[in-house]
Each structure stands twice: as C-alpha cells, then as structure tokens.
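In what follows, chains carry the letters A, B, and so on, assigned in the order in which the sequence lines appear, proteins first and then strands, with residues in each chain numbered from 1.
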Amino acid sequence: MKHSLFTLSILIVLIYLAHSLDNYSNTQSVFVDEEVIPQFNPPPEDEEKSGFVFSGLETRESRRSFYGAPPVIPHRIGKTDRECLNCHTEPKEFMGHVSPPSPHPELVNCTQCHVRGNGPEIFKKTVTIKTNWLAITEPKMGSRNHPFAPPTVPHRLHMRDNCAACHNQSHPNTDIRVNHSQRKNCMQCHVPDYDQSMSPFSHEFTE
Amino acid sequence: MLNTRREFLKQVARASALAALSSQMGLVYAMDPPLEQDGLSWQKAPCRFCGTGCGTMVGTKNGRVMAVQGDLQNPVNKGLLCAKGYHAGAALYGRDRLTTPLMRKGNKQVPISWDEAIDAIAKQIAKDPSNFSIYGSGQWTIPEGYTAMKFIKGGLGNNHIDPNARLCMASAVVGFITTFGVDEPSGCYDDLDECDTVITWGNNWAEMHPVLFSRVMNRRNNGEKINYIDLATRQTRSTKAADHYMEFVPQTDLAIANCICYQLLEKGTYDKDFVAKHVRFKDNEKKDLSIEEYKAFLAEYNIENTSKLSGLSKEQLKYLGDIFGDKNKKVLSLWCMGMNQHTRGTWINNLVYNVHLLSGKFGKPGSTPFSLTGQPSACGTCREVGTLAHALPGGRVVKNAEHRKQVEDVWQCKPGSINAKPGFHTISMFEAFAKGDLSSMWVQVTNPAQSIPNLHKNLANSDKRFLVVSDVYPTVTTRLANIVLPSALWVEKNGVVGNSERRTQQWFKMVDPPGDARDDVWQMLAVAHKLYEMGFAGMKNRNGKFLFHMEDENGKEIKSWDWNVYKTINTDKILFDEYRQLTLLKHKDIAPYDEYVKTRGMRWPVTEQNGRWVETKRRFVANDDPYVAEGRDIDIYMAKAGDKKAIAWARPYNAPPEVPDAKFPFWLCTGRVIEHWHTGTMTGRVKELKRAMPHAYVELHPEDARELGITDGDMVKIKSRRGSIILPAWVLGRGKPAKGSVFVPFFDETKLINEVTLDAYCPMSKEPDYKKCAVLVEKA
Ligand code: SF4
C-alpha cells in the first residue's frame, strides 16, 4: 500500500513536470541574436594544480543534446576539419586543454556526427534557439547489486566498447576516470545489464 | 558509500514506478509493443530527414521524445546515424511550433478553429475545383501522398498535383523510364559493401548521404582497397577522401560520359556479350541505331575534343575509360542532385546508364549505377504512389485509359472521374498561380517560398491567391498563406516511407502532436468529407458513399474525418493496404502493412513465397528478382518494346542556357550542408545544429577572393539577372569551388539564394537546374 502511494506520487510529480514544460506560447521568434560565444564552450571548470583544464560530468552533459547524443566539438576544427585523430587518439595537451581520446577511432568521418559547438569563425554572431527539448541526462553510475559489487556499464557499447579510451587515468573528464586502470579486462567485472541491441541505455533519466 | 547506496535505492524506486506506469498504460500500440526499458520506451522509426532512410530507435517518456539512437538491427545504417538523425527528436520541440489553425485577416494571421479552417477550404474548392492545386513533397509519407492523389485526381477530377520531388528526382525518374522502361534502381546499398571503385558524379555524399559514405570509407579503414573518384565542379568533404579528384566545367558531364563510351567502343573494351543480349541503341529522335551508327555519333567525343570542352586532362579521361574497360573492376556510380538538377538532367542520367551498360557493369554485386534519392520518401511517395501531374499509382499515367480505369476501380470512384489531361508540373504550377490561372493551392510538407528557383518571378502574387499551407513551424511560405494548418511531425503520427534502395519502412505514432496540431492525412480527409457533406459529386464514390469510405472489421463505417475517431485508429494501415493493390502492374509489389511492422523495411518487389514475404535485393537480376524470366541473367522486363533490352540513347552535349559572361562572370551552384535539412525549418530549431551552422555563406575560390579583395567574413553581394543577396564570404572553408565559381547553401530563410537562381529546366523531366547560372560577385 505504502509502496503504491509512493509510486503514485512519483508519477504525479513526473506528469506535472512534463506538463509544466509544455505550457509555452507559440508566438516567439526563434531567431534571436546573441553575443559571440567562447571558443571553448562551456568555459573550463575544474583546474588542477598542473594548470591543465579538467572537467566533470556536467561539462560532458553540456556538450550533448541528450545522454547518448554525439558530443559537439567545443573548439575550432581548422579549415580542413579532418585531422581530428591527430589529437583524439590518446590524451594530449594543447594550450592548457587535454584531448579526450575517441572510443571509435576506426570511424574517421568525424564530422558526420560531431558538429561544431559554435559555427564557423566567419559568423561574428551566433543564434540561440528557443526550444522545449527535454533531454535525458547523464547517468551518475551504473547500478550495483550490493554496495561492494562492481557497477554495471550504464551505457550502450555500440561505438563505445573501448573502455580504456574514456575510462583512463589521464582523461580530462575527471569524473569518469578509474582508479584501477592497470586491470585491462573490464568486462570481467563490469557487465552491461540490458539488451544491447534494442535499448541504448540502462539507466533512468534524472528528475 | 552512502551516496551509492542512496543511488541504488533510488533506482529500485524508479524501476517500480515505471513498472506501474507501463502496466497502467496497457498496450497502446497493439501490434508492436514498445520495449520498456529503464524508463524509456524504445520503438523503431526511419529517420525523418534524408533519402538514405537510416533506422533510428526513438526513446520516449511521458509523451515526449527524449532520445534517438541508431538502430543496430536496421541493415541500412547498422546503428550509425548522422548529426541530423541523432538530433531528430529535438526538431519536434522548437517553441514556435504551430499549434492552432490560422487565417489571414487583413495583415494578420489570427487563430481560428479547425471547423472554420476546414469549412473555408472546402468552400473555396467547391467554387473552383478545376483550378485548385496541391503542391506536396517527397517528405509526405506514402499514406499522405496517396490520400492527396485520391483527393485531387479521384475526387476533384483534376491533375494539378506535383511534389517538390520534381525539383529533386524528376530527371532520375525520366532517366530510368527512358532507359529501362520503368522507374527506380536495380542496385541497392549492399553494392556499397562490394564495390572496389566508386565514382560520384557531382555528389557530395560525405555531407548529403553521410551514412552511406561512411559505409564505404569504413571498409577502407578495415584494410580493403577502395578507389574513389570524385567527378565534380567543387571540392567538398567528400573530395578529401578521394583518390582522384576530377574537376570539370559545369554541364560537360554529358561529354565526359560520352567520351567514356567512345573509348569503350574504340578500344573494343566494351562487354560484347552483355551489349548483344541486353542493349539496343537509339538516337534522340527515338530512331533505332546500329552499334556502328552509335559509334559514329560518339566520334566527336574523342579524348581530344572532350578534354578541351570539359577541362579534364587527357590522362584523366583515359583513366576513366580504362576503369570502365577493365572487366575485373567492380565500379559503383553514385549521383544525386548534381545530375538531376540539370537542364539536361534526363540525358545525363541516360548517359551514365550507357557507360554502365556498355561496360557490362550493371546488376552485378558492387558494379552497377545507383541513383541516390534526396528525400526520405521521394521514392516511396512521389515515384511509387506517383504524386505527379501526369502520373497515377504504381507507375501508371493519366493519359492511359486502361490505367485510369484500374485506378478508378480500386478507388471505387465513378467511371471517368480521372481526368486524362496531365496537370501543371511544379514550375508551370507556380507560374500559373502567379498569373492567376490557378485560383488556389494547398501546400503540404514543403516550403516553396524558399526552395523554388527564381522566387521573385515564381512566387509573385502568391499572397493574393488562396493559399493553404500545412506545416509544423512558421516558414516563409506560411507567411504568404491565407490559411495555415498546424501539422503533426514524424513520430507524432503513423508513417510509411520508401528510401533510395526501394526499401519501404513503417513506424507507429509514439507521442501526441502539440496543441491542436493534426495529421496531414486527417486534414485532407476532413476537407474531403466537408465537400461530401456539401453534396460535391466527386467526393461520392460509385456506391454513393464517401470517397474515402473506411470500415472496421464489423463492416461499420469509420468516421475518419472526425479527429476524435481518427486519432484512435490507424488509417495508414487501411490506406496502405488499399494502395498495395495498385503496385503489382509494374512489379513494384509491396507486402501488406502488417509485414512492415515486423521488419526493418523490405525492398520491393516483395513477393509471397512459401508463405513468407521475400524482398528483392537487386532488381532485374536472376536469383534476386522473382520476375526475371527462367534462363536469363538480367531481365529488363519492363522494356517498352517488349524485347527485354535497355536502351542506350545517343544524347549529345548541349550547352547550358546561361553561362558566365562579362557582366555576370561567375558560376553559381547551390546545395545543402550536413547540419541542415533542406530549408532548415526543422534542423534550424535544434540548438546543436543551428549553432554549428547558423547562417548561409558564399564559398569562393581563394584566388577569386584575392582578386576581388574579399577575405573570410566579408559581406559579399551575389547578383544575377533575377535578383541579388548579400551574405558573408567563406574562403577555404568546408569546400572549395572551382576557380570562377561560387557556392551558396539554401537552408537559410534570411538569405534566400533562390532569389538569384535560374528556373530553366530539363525539357523532359521539367526539373530545374539549381547548380548553374551566371552571377556577379562583389564586395558589398
Ligand atoms: S544519413 Fe540521412 S537518414 Fe541517415 S541519419 Fe543522416 S539524415 Fe537521417
């Protein structure tokens, strides 16, 4: 009984949230000019003593339309934009920033999925978009069977099955680093606990 | 420690909340229960955007789309999407979605009720039914296009219906029909996995069909050797992957194709056996030619002449001749708008077929010509349903009395309802609308006030006529309309579409459209029924019932025109299964609707074999296509002459109607960019895509830029005989046009390049040329 009341109240909150987001006017113009946006977007957050710029899950989230979307490119890509893998094969330092390696370096047509976070330099101004898009967000961690169990893998492995590419000790995103990268056989302990072919995610979006 | 434990408890709580939710909701979509997993329901749907037709998995929750992923089970894309596909969900949620019908009163468009809107449209049509027209789209779903066809051709007895696919695929269609006797390709995407040589004819597939591009390039990264030849007038992202970049003078693709054929015959490297069995020759006057006469025709396209005309070196031309002359090479030709949007679009399609027919590189795995389609259902809807001014479903034409009768029988409309006179094709439709020869027009799923060439001329007076526009966002076209109807978009409705490789794919509605937005099919049904109520004869079928009479399993009439009824039923299934009966004539057989629910699409002809529905990989090819006669390897079974042979046409080079001169010294080419779909009305509402490519630009060759004193970001004026626009320059940006030419994308509604473009069109396909006209370029 208690349980179902709890369930119901969660449902009501969720439905209320969804509805409140649906109340919008349809008369606003979409094309609103905004100032120049920074080249690195969003600006670096956590700076470690080394002077390099590191970031966490929030930054990670800000670069994706939703959890599972290809991240936008937060920097200039030069005019030929095909040299991505020069830096994105292992963590490399460049002007105070560290490049996250690609988990799928075999796919070289990078700009098929990853677009610039802020358009070509020729556009002095950029635009903001008025949208009601509500994204599912980053998982904090996979689930654990019991407090000491290794967490499950909270994302689809398609194009993301090279664990060490992201979960290494020098990855610029400090939140996804592991403290035992000497153990190479990740899947020995960490298993994906869902149907990989159908559902890309194993976790619930956060409220 | 505590944190993770809390996290764990929270997840348990969420899981039970969701279990409760899904059990309460019950089976909403009885046929394909969505996979409930961790809070999101996942269901398949083909991508909303391009003609590649990638499969997506759409994650929904609480009536909203919240995530999109590539569908690993879909053989088109095997889990990969492009930036547009991943962000397709966000395209539904721009804040300025149209959510209520609007009517122009004075200078303003004010909200009205659906009843008022339907009433006003029906009254206007009843006043002047023969001068009413429909301008539709290759983004219409199959049931949408089918409804519009039946509405105007069956109900109103006029043929003034044409889709924007006229601007996109018409040359491909006429090319197929003239060469093979029937539309649509023999090849399929499997050929991308088997070719060893790829030639793109004026095609930037890295941006326009990116998933197909990657499908080939990933093979290369796996160590396979793929030779990629980029024949183009502009260096693009595709060029960066090319082994050979061959830059030709615009329009001389006609001569280059002829020159390859010349070499095949001259050197005797053509496939003699294939030609003897499967090819006949004809001249431009449809007179039969012997192979010697054809060879004589080709004489002027020798390497010397063609090199001078086309700008390709003699070595490059020889290289092309040798590639096609090499029996062991598996050559895949790909093209899209570069060849179709061409004042000789039909001819260049014919000529590329000539190259493949003479070399015998046809219908073999990885070795075939393959025409790529631009829009998600240009094939399924415009070409197969036939939403064109001269066509009827299943490859039929209005001129043919027997065809008309077959369609009237299926539609159950009164004999003689369908008019034998073809209606206006796109450009003539807009000319007639501007002049007042057409009194009213209903535009669905497209944005002609941005995409029609030579806008100033062709859109003149549009705001003075009776214009109805169904769309999802305000566009430059809705601004001209008397009545704006808010539509449902993508997974807000049921749909069926057909992609480039003859694959028909189905999806179910997953979320409700916002506000009072409603399906395009419903909009047509409601107006049709209003006309029926008013006693309009055409909307009554031969049994005195409503033209779109639908029954449930108990034989009870379904009130499909009533939105409250419509939204509870699946009209797609009813319309699709009715349309199905019309697909058999030209062997474009499709399976029953329910079969598509179970699969990730099937390529037609789909035939029932031992109780199973079986698709066709390669058409006209033995062991693949069930319609190939016993004992034949290739069977061109729809050849007009009945001889099962494809026709190699002797098509000459023909100069373009406008070439650069002293006053307008530059070529202008227009096109798309990877971030945006067509006129940007949907992708422009997605933050990631809009920021990545916020405005249109003009791309210049660096030497031209230097001579004109233009650098990156300078404002530049592009002027033609028809109009001018000002936009920023991008030198050595994403692409590099040939010296003496510029490129401008057309997605930006604030910078309408179609004010500048030319509306000259291919006389056979009536498809205009957006790729070539003469402009003046100067610093603004
Ligand atoms: S390639 Fe085309 S169909 Fe595939 S995801 Fe991109 S836009 Fe959609």
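Partners of B:Y86 according to the ring-ring contact (aromatic ring centres under 6.0 Å, His included) rule, which considers only residues two or more places apart in sequence or in another chain, do not exist here.
For the residue pair B:D516 and B:T100, no side-chain donor N or O sits within less than 3.5 Å of a side-chain acceptor on the partner.
Neither the backbone nor the side chain of B:K736 comes within contact range of chain A, judged by heavy atoms closer than 4.5 Å. For B:I674, the part lying near chain A is the side chain, with the backbone staying farther off; criterion is any non-hydrogen pair under 4.5 Å. Of the atoms belonging to B:A91, not a single heavy atom falls under 4.5 Å from chain A. The contact between A:Q112 and chain B is made by backbone and side chain atoms together, counting heavy-atom distances below 4.5 Å. In this structure, chain A has a heavy atom under 4.5 Å from the side chain of B:E675, while its backbone stays farther away.
To the nearest 0.5 Å, the span separating CD on B:E688 from OG1 on B:T683 amounts to 12.5 Å. In this structure, NZ on B:K44 lies 9.0 Å from CG on B:D71, to the nearest 0.5 angstrom. Annotation: the span from A:H167 atom NE2 to A:N179 atom CG amounts to 13.0 Å, rounded to 0.5 Å. Taking NE2 from A:H114 and CG from A:N109, the interatomic distance works out to 10.0 Å, rounded to the nearest 0.5 Å.
The greatest number of non-hydrogen atom pairs below 4.5 Å with chain A, out of B:G85, B:A90, B:G59, B:S214, is found for B:A90. For chain A, the option among B:G79, B:P728, B:G63 with the highest count of heavy-atom pairs below 4.5 Å is B:G79.
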